[in-house]
Structure formats: C-alpha cells, structure tokens
Amino acid sequence: MKILRVDASAKRERSNSRALSRYFLERLREQRDDIEVDYLDLTLDTPEHVDEAFAIATYTAAHERTAQMNARLAASDALCARLLAADALVFAMPMYNWSMPSVFKAFIDNIIRTNLTYRFAEDGSVVGQLSRQKVLFITSRGADLRPGSPYERMDALTPALKAAFGFLGVAAPTFVDAQPLQFADQEARTEALERARVELDAVAKQWGQRVSGRSSASASASVACTVIG
Ligand SMILES: Cc1cc2nc3c(=O)[nH]c(=O)nc-3n(C[C@H](O)[C@H](O)[C@H](O)COP(=O)(O)O)c2cc1C
C-alpha cells in the first residue's frame with residue numbers, strides 16, 4: 001500500500017498535526033507490513049504560487065504548449081504523478097485563520113490539473129481521477145469548532161478541503177480533527193489529543209483490512225460518519 005503523507009505545519013518538533021500523522025502511520029504499520037510512504041513536507045518543498053505563466057500554461061492544451069510552458073508546469077506535473085501513484089493520501093495540517101495553511105493552498109493550486117487529476121467525460125461532466133485513493137485529513141485546531149461550540153460556524157477549512165478534493169473524485173474523505181489544542185486549559189487539550197488518537201486508531205484498523213468482499217470506498221465512508229458525527 002503506497003501512501004503519500006503530506007505535512008503542512010510551520011512548526012516542526014512542537015507540531016501536533018505532524019505528531020498525529022506520524023502516530024497514524026505507526027498504527028497503520030502495526031496493521032500491515034506493505035506500507036510504503038512517499039513523504040512531502042510542504043514547508044520545505046513549497047509548491048510555487050500560481051503566477052501568470054502557470055495560469056496560461058495550465059489551460060493551454062497539452063499539444064499546444066511551448067517548451068517554456070512545459071517547464072513551468074513540470075513541478076506541478078510531478079506532484080500530480082505522486083498523487084496518482086498513491087493508494088492512499090494522508091494530509092496533516094493546522095487550521096490557520098479558520099482555513100488551511102497557505103502552503104497547502106499552494107499545493108492544491110498545483111494538483112488540480114485538467115487531464116491529469118480531473119478529466120472531462122464526453123457529456124462534459126468532470127471526472128476526478130482520485131476516486132481510487134483512500135484519503136485522510138488530520139487537522140489540528142487551537143479552538144474548539146465542534147458542533148455546539150461558538151466557533152462551529154468559523155470552520156472554513158473542512159468545506160474547502162471537501163470541495164477541492166471532491167472535485168478530484170474523493171467522495172468520502174475521513175476527517176480527524178484534533179481540537180481544542182491551544183485556546184483551552186491543559187486538561188481539554190490532553191483530552192482532544194487523546195480523542196484524535198482514538199479516532200486514528202480506528203482509521204488505521206480500517207485501512208489495515210485487506211479489501212475482501214467489502215469495498216474500500218464503503219469502508220472509508222463509514223469511518224467518516226463515525227468521525228464527523
Ligand atoms: C498563524 C496561526 C493562525 C491560527 N489560526 C487559528 C484559527 O483560525 N483557529 C484555530 O482554532 N486555531 C488557530 N491557530 C492555532 C493552531 O491551529 C493550533 O495551535 C494547532 O494545533 C497548530 O497545529 P500544529 O501544532 O500542527 O502546528 C492558529 C495558529 C497560527 C500559528
């Protein structure tokens with residue numbers, strides 16, 4: 001099972017989201033001995049922001065692109081290839097200002113590519129090319145945005161991730177949201193991390209099951225229900 005693991009926190013050793021994604025991979029390795037990890041740290045390998053050259057090249061048909069256009073798209077092509085080669089995607093990130101870290105947004109801008117990660121069917125509808133992949137988002141939040149909290153409506157992160165990856169064919173991503181990890185007392189923070197670890201244990205067990213009889217897509221959907229509520 002080939003996993004693309006992506007971290008996006010500006011923090012390193014002190015990062016909760018990095019620690020949780022590491023924890024998840026450790027639990028998954030206990031379940032399966034065929035785990036191969038392709039690791040991407042977006043704070044070290046930050047994809048370039050969209051500029052004019054990219055914006056023009058990406059919507060120019062492949063057979064009409066100049067060598068310069070191809071060069072501008074090369075890093076984005078490589079990121080798309082890494083996604084498509086993976087069987088599962090593990091994205092870990094903190095919430096920054098109610099949404100995603102800018103490095104992760106730059107990543108998204110580089111991986112939504114016509115005729116690579118999505119195609120058009122004959123009837124004009126969009127066919128996302130990541131429908132095969134299991135997808136786990138691990139997010140860390142300083143505040144508590146769970147249902148019923150005063151901050152519930154401030155969550156611009158979950159819908160943005162669902163929209164971008166839904167467009168690429170990810171129908172039932174799993175979310176494990178660790179919260180509150182900063183704007184709360186120590187006890188609440190400790191409980192939040194423990195809740196996240198328990199949820200990650202369940203996802204690791206589920207991903208650990210070899211697909212037999214039950215489809216991986218339906219397995220993924222059922223954890224999403226447990227985790228999201
Ligand atoms: C620049 C910045 C912006 C933040 N914005 C928010 C926010 O809007 N809402 C929130 O709940 N927490 C916010 N936080 C807190 C982080 O999401 C929280 O501390 C998280 O656990 C950090 O994850 P990490 O340890 O992996 O870096 C922010 C933190 C930073 C550094």
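Read the numbers this way: they start at 1 and go in the same order the structure lists the ligands and their atoms. Keep in mind it's a predicted model, so treat the numbers as computed, not measured.
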(request) Quick one: do D177 and L145 satisfy side chain to side chain contact (heavy atoms under 4.5 Å, CB included)? Show the steps, please. (result) CA-CA 9 Å; D177 303 317; L145 290 89; over 6 Å; no
(message) Given a heavy-atom cut-off of 4.0 Å, could you list the residues near ligand 1 in chain and number order?
(response)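 Residues near ligand 1: S9, K11, R14, S15, N16, S17, P94, M95, Y96, N97, W98, S140, R141, G142, A143, L145, L181, Q182, F183.
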(request) Go through the structure and list residues passing side-chain hydrogen bond (donor to acceptor under 3.5 Å, both in side chains) with D38, not counting sequence neighbours. (result)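 side-chain hydrogen bond (donor to acceptor under 3.5 Å, both in side chains) list for D38, sorted by chain: R82.
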N/O donor-acceptor pairs under 3.5 Å from side chains in residues 87-99, not counting sequence neighbours:
unit_1 : atom_1 : unit_2 : atom_2 : d
D87    : OD1    : R132   : NH1    : 2.8
D87    : OD2    : K2     : N      : 2.7
Y96    : OH     : A10    : N      : 3.2

(request) Applying ring pair (Phe, Tyr, Trp, His ring centres under 6.0 Å), name anything that partners F167, two or more places apart in sequence or on another chain. (result)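 If we apply the ring pair (Phe, Tyr, Trp, His ring centres under 6.0 Å) test to F167, skipping adjacent residues, the hits are Y118.
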(request) Would you please classify the geometry between the F165 ring and the F104 ring as parallel, tilted or perpendicular, with 30° and 60° separating the classes? (result)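 Tilted.
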(request) For Y151, look at atom OH and say whether over 12 heavy atoms of other residues, nucleotides or ligands are found less than 6.0 Å away. (result)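 It does not: Y151 OH has 12 such atoms or fewer within range.
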